[in-house]
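Let me begin by presenting the structure, written as structure tokens, before commenting on it.
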Amino acid sequence: MTYLIIKEHIYNGLSNSYVVVNQSKDLDKANDMLQGYNLINKTNKDILHSIIKYESPLVLTKEVA
């Protein structure tokens with residue numbers, strides 16, 4: 001399981017943009033990174049950061065006989 005740090009840029013009159021800015025397999029480390037990004041951008045209200053839990057899709061392979 002991977003935790004993605006997502007940056008959302010909010011625009012007036014346009015669709016918001018989303019960018020993956022970092023990732024971690026450790027939830028505590030991801031939360032620390034999120035706090036850091038929020039501190040850096042605390043004066044800019046048009047940028048938000050959040051964490052998304054990403055799990056790789058289960059891919060079943062069919063054995064060829």
Side-chain angles (χ1 to χ4, degrees):
M1 180 173 339
T2 301
Y3 299 96
L4 303 176
I5 308 296
I6 306 294
K7 175 183 174 181
E8 179 181 5
H9 195 138
I10 301 168
Y11 299 101
N12 291 327
L14 297 172
S15 296
N16 296 354
S17 65
Y18 301 89
V19 177
V20 176
V21 292
N22 218 326
Q23 66 180 3
S24 176
K25 293 196 179 285
D26 181 14
L27 180 58
D28 292 330
K29 184 177 177 182
N31 278 319
D32 289 343
M33 287 188 286
L34 178 64
Q35 288 179 356
Y37 285 115
N38 285 335
L39 282 173
I40 290 168
N41 292 306
K42 115 174 148 175
T43 59
N44 190 346
K45 301 299 181 192
D46 293 334
I47 295 178
L48 301 174
H49 289 87
S50 58
I51 294 179
I52 293 178
K53 180 171 68 171
Y54 173 78
E55 295 184 56
S56 299
L58 179 62
V59 178
L60 300 176
T61 59
K62 183 178 179 182
E63 291 186 22
V64 178

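Of all heavy-atom pairs between Glu55 and Met1, the closest is CG-CG, 4.1 Å. Residue Lys45 comes nearest to Ile10 through the heavy atom pair O-CD1, 4.4 Å, listed as atom of the first residue, atom of the second, then distance. Considering every non-hydrogen atom in both Pro57 and Tyr54, the closest pair reads CD-OH, 3.7 Å.
Distance CG/Asn12 to CG/Asp46: 6.5 Å, rounded to 0.5 Å. One finds the CG atom of Asn44 at 9.0 Å from the CG atom of Leu48 (value rounded to the nearest 0.5 Å). From Asn31, atom CG reaches atom CE of Met33 across 9.0 Å, with rounding to the nearest 0.5 Å.
Hydrophobic clustering (ILVMFWY, side-chain heavy atoms < 4.5 Å, transitive): Val21 and Leu27 are in one cluster. Transitive grouping of hydrophobic side chains (ILVMFWY, heavy atoms separated by less than 4.5 Å) brings Leu34 and Val19 into a common cluster.
For the ring pair (Phe, Tyr, Trp, His ring centres under 6.0 Å) condition, no pair includes a residue of residues 17-36, sequence neighbours left out.
Taking the ring-ring contact (aromatic ring centres under 6.0 Å, His included) definition, one finds that Tyr37 meets it with His49, sequence neighbours left out. Applying the side chain to side chain donor-acceptor pair (under 3.5 Å) criterion to Thr2, with sequence neighbours excluded, gives Lys25. Scored by the side chain to side chain donor-acceptor pair (under 3.5 Å) test, Asn16 finds Glu8 as partners (sequence neighbours excluded). Contacts of Asp28 classified as side-chain contact (heavy atoms from CB on, under 4.5 Å), with partners at least two apart in sequence or in another chain: Asp26. Under the rule for a side-chain contact (heavy atoms from CB on, under 4.5 Å), the partners of Ser17 that lie at least two apart in sequence or sit in another chain are His9, Tyr11.
Contact annotation: the side chain of Ile51 approaches that of Ile5 to within less than 4.5 Å [non-hydrogen atoms, C-beta and beyond]. A 4.5 Å side-chain heavy-atom check between Val20 and Ile6 finds at least one atom pair inside the cut-off.
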